[in-house]
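Proteins come first, then strands; the chains are lettered A, B, ... in the order of their sequence lines, and each starts at number 1. When reading the values below, keep in mind they use all heavy atoms of this one structure, side chains included, and skip hydrogens, waters and symmetry mates.
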Protein chains: 2
Amino acid sequence: MVREALAALLSLEGDIDVVAQVARGDEVVAAAQTHEVEVALLDIEMPGLTGIEAAGRLRKARPGIKIVVLTTFGRPGYLRRAMESGADAFLVKDAPASQLAEAIRRVLRGERVIDPTLAAAALAEGANPLTSRERDVLAAAADGSANADIGGRLHLSEGTVRNYLSAAIQKTGARNRTEAVRIAMEKGWL
Amino acid sequence: MVREALAALLSLEGDIDVVAQVARGDEVVAAAQTHEVEVALLDIEMPGLTGIEAAGRLRKARPGIKIVVLTTFGRPGYLRRAMESGADAFLVKDAPASQLAEAIRRVLRGERVIDPTLAAAALAEGANPLTSRERDVLAAAADGSANADIGGRLHLSEGTVRNYLSAAIQKTGARNRTEAVRIAMEKGWL
DNA sequence: GACCGCCCATGACAGAAGTCACGGGCCGGG
DNA sequence: CCCGGCCCGTGACTTCTGTCATGGGCGGTC
């Protein structure tokens, strides 16, 4: 519904045509192959593939297409990963609607468009301090699984899970796993 | 942005006029007083007041206005509470856009509009089994606070917090507080 | 008045979580 | 080659969680 509404909004702009829409991240590249696309507008939260992953694949498959990433959550880590995946613009959904069409026009002129507040936050925070395994374990702990379950799922001993979680708790500055998950989520580290 | 886009979408329908928009739940009633409103379209996740709370106040202040509740999350508990607050329709955002205008027309004809799948889920699940205090404690535990912190915030002893949490864990069928929070959230019990 | 459910509390106990020290293997950089 | 970081593991220890039994007070209902 939101996608169709945004499409309607963009269609009202005289200089913008919506040539294709897909509901899933893993349908993005295929749609970009079969239509004349100048700009792709991607949401991060999508079934199939996230918008960030889709951006990376689209960049590889069709480097000429400009990419605008749109998301509900202005998490600095999202911004960082989106830009690393080749996005040309990064917008949050609570920005005014006028910025959307404007961002599309600007990326077509070769500019990069980023919310300045978010850019500052991303820079201030530095890179993701979690190692690959720490992220895995923390993500597995997010749903409330016990250490033994996580170990089983990731083929690790229970003690190792404890150690990784302890490290993640230290690095996030949290006081337990639940807080660590929340903080890592907010920063976009997961 | 989403709100403006939905407004644009609805404006394209010949028989619908968007006469007012607000960004916060606590501005809904005031806007309904100063405009000629037949139908109010409310999102649940809003700053200030939730759409459900806003629906209740609007129903009291202006009983004649039809209320359509729109939400990202199709949680049965949301549906239940929305209907109890006097909503005439309940839609999820991942429904096709055409349903939105259609729902507005139907509530104006006096009908109630509810996603049948969601209605079945709400009925199958029964009412919220958590007591008021269990909800309070569970909500306070959601961010990862320790029992002692929760007790301090809610003016309870640590042991009492433990007891309420234990009860909530039983009732949700969870195996620890984190899972209990997740389940209660999914069902819309918080 | 007896009963029930909710509220709040205490104490005891088993188990899970979190910290710390320590070890080995692997790989890349100076 | 040595060092550092990441990976994976063990063992010991403290603290926090979760469960259970048990109690009193309060408000409803039959």
Engineer: Does the side-chain contact (heavy atoms from CB on, under 4.5 Å) test come out yes or no for Leu118(A) and Phe90(A), once each step is laid out?
Structural biologist: CA-CA 9 Å; Leu118(A) 213 52; Phe90(A) 189 92; 3.4 Å; yes

Engineer: Is it true that the side chains of Asn147(B) and Arg177(B) contain a donor and an acceptor less than 3.5 Å apart?
Structural biologist: yes

Engineer: Rounded off to whole Å, could you give me the CG-to-P distance for the Leu138(A) and dG18(C) pair?
Structural biologist: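 Distance, rounded to whole Å: 11 Å.
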
Engineer: Hey, is Asp149(B) close enough to Arg175(A) for a salt bridge, meaning N to O under 4.0 Å?
Structural biologist: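 Salt bridge flag = yes for Arg175(A) with Asp149(B).
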
Engineer: Step by step, work out the salt bridge (Lys or Arg N to Asp or Glu O under 4.0 Å) result for Lys93(B) and Asp43(B).
Structural biologist: CA-CA 9 Å; Lys93(B) 282 187 190 166; Asp43(B) 195 345; 2.8 Å; yes

Engineer: Out of curiosity, Ile44(B) CD1 to Arg81(B) CZ, how far, rounded to the nearest 0.5 Å?
Structural biologist: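 Reported to 0.5 Å precision, the distance equals 7.5 Å.
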
Engineer: Does Thr131(B) make a side-chain N or O approach to OP1 or OP2 of dC7(C) shorter than 4.0 Å?
Structural biologist: yes

Engineer: Does Asp88(A) come within less than 4.0 Å of Arg106(A), counting only side-chain N to carboxylate O?
Structural biologist: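 The answer is no: the pair does not qualify as a salt bridge.
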
Engineer: Taking for each residue the nucleotide of DNA chain C with the nearest heavy atom, is it Glu134(B) or Thr178(A) whose nucleotide lies nearer the 5' end?
Structural biologist: Glu134(B)

Engineer: Near DNA chain D, counting only heavy atoms under 4.0 Å, which residues of residues 151-172 of chain A show up?
Structural biologist: Leu156(A), Ser157(A), Gly159(A), Thr160(A), Arg162(A), Asn163(A), Tyr164(A)

Engineer: For Arg59(A) and Ser85(A), does a side-chain donor sit closer than 3.5 Å to a side-chain acceptor?
Structural biologist: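 Distance-only check fails for Arg59(A) and Ser85(A).
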
Engineer: Expected output is a numbered-order residue list: members of residues 181-190 of chain B with a heavy atom under 4.0 Å from any atom of DNA chain D. What is it?
Structural biologist: none

Engineer: Between Glu134(A) and Lys171(A), does any side-chain N to carboxylate O distance fall below 4.0 Å?
Structural biologist: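 Lys171(A) and Glu134(A): salt-bridged.
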
Engineer: Tell me, please, the opening and closing nucleotides of DNA chain D, 5' to 3', among those with an atom under 4.0 angstrom from a non-hydrogen atom of chain A.
Structural biologist: dC6(D) to dA12(D)

Engineer: Has the side chain of Asp94(B) got a donor or acceptor atom that lies under 3.5 Å from a matching backbone atom of Thr72(B)?
Structural biologist: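 Between the backbone of Thr72(B) and the side chain of Asp94(B) there is no qualifying donor-acceptor contact (under 3.5 Å).
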
Engineer: Compare side-chain N and O positions of Asn147(A) against OP1 and OP2 of dA16(C) and report whether any pair is under 4.0 Å apart.
Structural biologist: no

Engineer: What I want to find out is whether Arg57(A) reaches Glu53(A) closely enough, with some N-O distance under 4.0 Å, to be called a salt bridge.
Structural biologist: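 Looking at Arg57(A) and Glu53(A), the cut-off is not met.
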
Engineer: Does this structure show an ion pair linking Asp15(A) with Arg105(A), if we count only N-O contacts that are shorter than 4.0 Å?
Structural biologist: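 Salt bridge flag = yes for Arg105(A) with Asp15(A).
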
Engineer: In whole angstrom, give the distance that lies between atom CZ of Arg175(A) and atom P of dG18(C).
Structural biologist: 12 Å

Engineer: Both Arg133(A) and Arg177(B) contact DNA chain D. Taking the nearest nucleotide for each, which residue is further toward the 5' end?
Structural biologist: Arg133(A)

